[in-house]
Undergrad: 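Structure provided below as structure tokens; questions to follow.
Residues: numbered from 1 along the sequence shown. In each ligand, atom 1 is the first atom listed, and ligand 1 is the first ligand listed. Atom set for the values below is all heavy atoms of this structure, side chains included, hydrogens, waters and symmetry mates excluded.
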Amino acid sequence: MDLLEARERMVIEQLESRGISDARVLDAMRAVARDRFIPPEFIDHAYDDGPLPIGSEQTISQPYMVALMSEVAALTGGERILEIGTGSGYQAAVLARLAAQVYSVETIPGLHDRARVILAAMGYNNIHLRVSDGSDGWPEQAPYDAIIVTAAMPGVARPLLDQLAPGGRLIAPIGEDELQTLVRLSRVNGEWREDYFGECRFVKMTGKLGFQD
Ligand code: SAH
């Protein structure tokens with residue numbers, strides 16, 4: 001099947017059918033060629049309904065999970081975003097179409113370099129990457145309207161909450177190393193509110209806020 005056709009089918013069959021309804025998110029998922037982020041040997045699976053290996057024992061997330069995290073971030077276009085876990089760069093590319101500036105950190109230099117090359121070739125100029133432990137956020141560029149964590153965290157990351165702007169939200173898979181819940185933390189009238197968006201399975205976060213093993 002043609003990759004463009006496969007992408008369109010992915011949007012209809014994996015996203016719309018499961019309730020993704022933000023038109024901007026659906027447009028971004030239609031616009032970003034996931035196949036550009038996939039190692040050549042998996043190209044026939046570029047629009048499959050699941051994660052795929054990208055090397056260094058890491059994965060590019062399932063399209064639905066990228067869309068869901070983007071939707072629950074409730075972006076309107078002017079936001080500054082911090083992503084933790086650049087991985088392939090795919091989620092960063094989707095976010096770059098939904099917000100003004102995307103900052104993304106990755107601990108593995110090889111993945112950072114790979115994502116940098118792909119994103120530059122695609123022409124994105126509002127994505128800023130660096131190699132660092134996401135446990136520290138990226139304080140020099142704070143505050144952020146949304147922080148999106150794309151690796152599993154064992155608990156709520158208080159240090160990250162300090163880098164949110166008023167009205168900001170943190171979206172993260174929080175739980176055990178094998179299974180997490182997608183959580184959104186947002187400050188409403190001075191109180192932290194938690195919303196839950198179902199179970200998910202992400203690769204483990206490493207570093208100070210990650211799983212220590
Ligand atoms: N968002 C990615 C998927 C990322 S997979 C995409 O769209 O492809 C999770 C990534 O988080 C992995 O690349 C892993 O190396 C990275 N990671 C794990 N712990 C991290 C930490 N403490 N700081 C930054 N990145 C981390």
Undergrad: Give me the ring orientation class for H128 and Y103: parallel if the planes are under 30° apart, tilted from 30 to 60°, perpendicular past 60°.
TA: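 The arrangement is parallel - the two ring planes meet at less than 30°.
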Undergrad: Decide yes or no for M69 and P173: does some side-chain heavy atom of the first lie under 4.5 Å from some side-chain heavy atom of the second?
TA: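 Sidechains of P173 and M69: in contact.
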Undergrad: Between the protein and ligand 1, which nitrogen or oxygen pairs come in under 3.5 Å, and how far apart is each?
TA:
residue	atom	partner	partner atom	Å
ligand 1	1 (N)	E83	OE2	2.9
ligand 1	1 (N)	G85	O	3.0
ligand 1	1 (N)	T150	OG1	3.1
ligand 1	7 (O)	Q91	N	3.0
ligand 1	8 (O)	S88	N	3.0
ligand 1	8 (O)	S88	OG	2.5
ligand 1	13 (O)	E106	OE1	2.7
ligand 1	13 (O)	E106	OE2	3.3
ligand 1	15 (O)	E106	OE2	2.5
ligand 1	19 (N)	T206	N	3.0
ligand 1	19 (N)	T206	OG1	3.3
ligand 1	22 (N)	D133	OD1	2.9
ligand 1	22 (N)	T206	O	2.8
ligand 1	23 (N)	G134	N	2.7

Undergrad: With sequence neighbours excluded, give me every side-chain hydrogen bond (donor to acceptor under 3.5 Å, both in side chains) pair touching residues 63-77.
TA: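 side-chain hydrogen bond (donor to acceptor under 3.5 Å, both in side chains) check on residues 63-77 returns S70-Q91, T76-E79.
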Undergrad: With the side chain counted from C-beta on, respond yes when Q58 and L111 share a heavy-atom pair under 4.5 Å apart, and no when they do not.
TA: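 Yes, their side chains come closer than 4.5 Å.
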Undergrad: Under a plain distance cut-off of 3.5 Å, with no hydrogens placed, do Y144 and R80 share a side-chain donor-acceptor pair?
TA: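 Absent: no donor and acceptor within the cut-off.
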Undergrad: Mind checking whether Q180 and F202 have side chains closer than 4.5 Å, heavy atoms only?
TA: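 Result yes, sub-4.5 Å side-chain heavy-atom pair found.
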